[in-house]
Number of protein chains: 2
Amino acid sequence: MKTLRVPEATVTRLSIYSRYLERLDRNGVTTVSSGEIAEGVGVSPAQVRKDLAYFGEFGTRGVGYNVKDLMRYTKKILGLDQDWPLILVGAGNLGYALCTYKGFNSRGFKIVGVFDNDLTKIGKKIAELEVLPMEKMPEVIQEHKARIGIIAVPPRAAQDVADFMVKNGLEAILNFAPVALNLPEGIEIRNVDLSVKLEILTFNLGFKSAQRL
Amino acid sequence: MKTLRVPEATVTRLSIYSRYLERLDRNGVTTVSSGEIAEGVGVSPAQVRKDLAYFGEFGTRGVGYNVKDLMRYTKKILGLDQDWPLILVGAGNLGYALCTYKGFNSRGFKIVGVFDNDLTKIGKKIAELEVLPMEKMPEVIQEHKARIGIIAVPPRAAQDVADFMVKNGLEAILNFAPVALNLPEGIEIRNVDLSVKLEILTFNLGFKSAQRL
DNA sequence: CCTAGCATGTGAATGTTATAACTTAAAAAC
DNA sequence: GTTTTTAAGTTATAACATTCACATGCTAGG
């Protein structure tokens, strides 16, 4: 098998293209060019074509891309031709926000279990889902065949939660806690850090001020 | 002036190093090597040294880095030797979570105004802060000398909010809405996309499955 | 049927980032 | 005081990603 490695930056952009295509489709647009996509998401046209080229030929020369088709292709490539059940740990404010986040549902993500070890939170309802104690996680994972977990707990608890998730068979983790998790080979892990981007902004603002001197 | 451009990836890691150093400092660690930092945050030792080299020489050869000093330096570089007042628009669940997020306060970020145009939300309190109508934003910005805004509204409203922020003098925007914002030159903008990383995970899980065939 | 116009797909070149190898300096041991 | 060890700083190399420019192929119009 010819294993061409796809850059993660390309996958990231593919996700963005995909969502932009959904929007075009909702607006009734049927055809789009690489230049228009580029314009819409803020990259170069060549970048769009190069990214898509990793996965095949989806356009018609002289014409452009069929919006519906390309939307389906991109979703398929990203694995979004199926629904994904998600396990969430952490029923704090962030967990609550994630549970009710529309951007997940619209892409086929569905949180099927919310867990916490805080007794004051267990039993409460978040968007029609009861917060369960950690012990219940194994059966929920099995019931829904979940493969992905989300960590929305304070930093100090994150590693334990991750270990517990892996022990119970989850294969991929999205971590919102600002710590580096140590996980066995083969487990997919990505971090979403809410304050890093903010610090990039302050860095750039500081730099800008310095430039003015 | 010698303008050396610093890669954004370096700034991102600097932010992570910085937080890791704070943790070491809290734990009473006084000296640390590039290898230990690397281990702690999940990068290579060479990467750590290279990143720091963009900004100066902070270590002692044969010894390592003084934790407290390096922590101060990194925070200074990132502009975190001062507090940053933040303007937040969007008092939904995500806005609420951001208001109460401890990771902001501990790094000197303080949300000083929460705004929304939803009448059912205006007047409510979020963490001792009253949700205000958009019209009040100008005076809050002036009062606190705020320069950074956070957008936590649905995608369709994001561009208008961004325009309004810029019109009122904000210079940098952290956008949680999954759309590309169109802003004038000179305005710093970064997006935090909650589902992109999730789609990287599903992409990789799909790829992994394909490999097994 | 032939030509003109257009936008994709692609291979080469450019630019950038990360890795590795090496040099320098400090400290500790002898 | 000399040597050995350690780890930072630096240079060179390799890997990677992006941009550019052109050839390819489709569509439409005459």
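On a predicted model such as this, the values are computed, not experimentally measured, just so you know. Chain letters run A, B, ... following the sequence lines, proteins first, then strands; residues in each count from 1.
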Legend entry - Ring centres under 6.0 angstrom apart (Tyr73(A), Phe58(A)): yes

Inset, instruction - Give a yes or no on whether the ring-centroid distance for Phe104(B) and Tyr101(B) is below 6.0 angstrom. - result: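 Between Phe104(B) and Tyr101(B), the centre distance is under 6.0 Å.
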
Inset, instruction - Evaluate the side-chain proximity of Ile187(B) to Val166(B): yes if any heavy-atom separation is below 4.5 Å, no if none is. - result: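 Of all side-chain heavy-atom pairs linking Ile187(B) with Val166(B), at least one is under 4.5 Å.
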
Legend entry - Side-chain heavy-atom pair Asp193(B), Arg19(A) within 4.5 angstrom cut-off: yes

Legend entry - Contact list for residues 20-39 of chain B, test salt bridge (charged side-chain N to carboxylate O under 4.0 Å, His left out), sequence neighbours left out: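 Matches after skipping sequence neighbours: Glu22(B)-Lys75(B), Glu22(B)-Arg107(B), Asp25(B)-Lys68(B).
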
Inset, instruction - Look at the aromatic rings of Phe203(A) and Phe55(B) and report parallel, tilted or perpendicular, splitting at 30° and 60°. - result: perpendicular

Quick one: side chains of residues 77-90 of chain A, donor-acceptor pairs under 3.5 Å with protein atoms, not counting sequence neighbours, listed by atom name and distance.
residue  : atom : partner  : partner atom : Å
Trp84(A) : NE1  : Gly79(A) : O            : 2.8

Legend entry - For Asn168(A), all residues meeting side chain to side chain donor-acceptor pair (under 3.5 Å), sequence neighbours excluded: none

Inset, instruction - Starting at atom OH of Tyr54(B), determine the distance to atom P of dT10(D), rounded to an integer number of angstrom. - result: 13 Å

Inset, instruction - Would you kindly give the CZ-to-C1' distance between Arg61(B) and dA7(D), to the nearest whole Å? - result: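 Rounding to the nearest Å, CZ of Arg61(B) and C1' of dA7(D) are 9 Å apart.
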
Inset, instruction - Any chance you could lay out the salt bridge (Lys or Arg N to Asp or Glu O under 4.0 Å) test for Lys197(B) and Glu199(B), step after step, and finish with the verdict? - result: CA-CA 5 Å; Lys197(B) 295 280 178 86; Glu199(B) 299 187 8; over 6 Å; no

Legend entry - Sorted by number, the residues of residues 62-71 of chain A with heavy-atom contact under 4.0 Å to DNA chain C: Gly62(A), Val63(A), Gly64(A), Tyr65(A)

Inset, instruction - Give, for atom CD of Gln47(A) and atom OH of Tyr17(A), the distance between the pair rounded to the nearest 0.5 Å. - result: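 Those atoms lie 5.0 Å apart.
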
Inset, instruction - Under 4.0 Å from any heavy atom of chain A: name the first and the last nucleotide of DNA chain C that qualifies, 5' to 3'. - result: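 Answer, 5' to 3': dC6(C) to dA12(C).
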
Legend entry - Within residues 24-50 of chain A: residues closer than 4.0 Å to DNA chain D (heavy atoms):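 Contacting residues: Ser44(A), Ala46(A), Gln47(A), Arg49(A), Lys50(A).
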
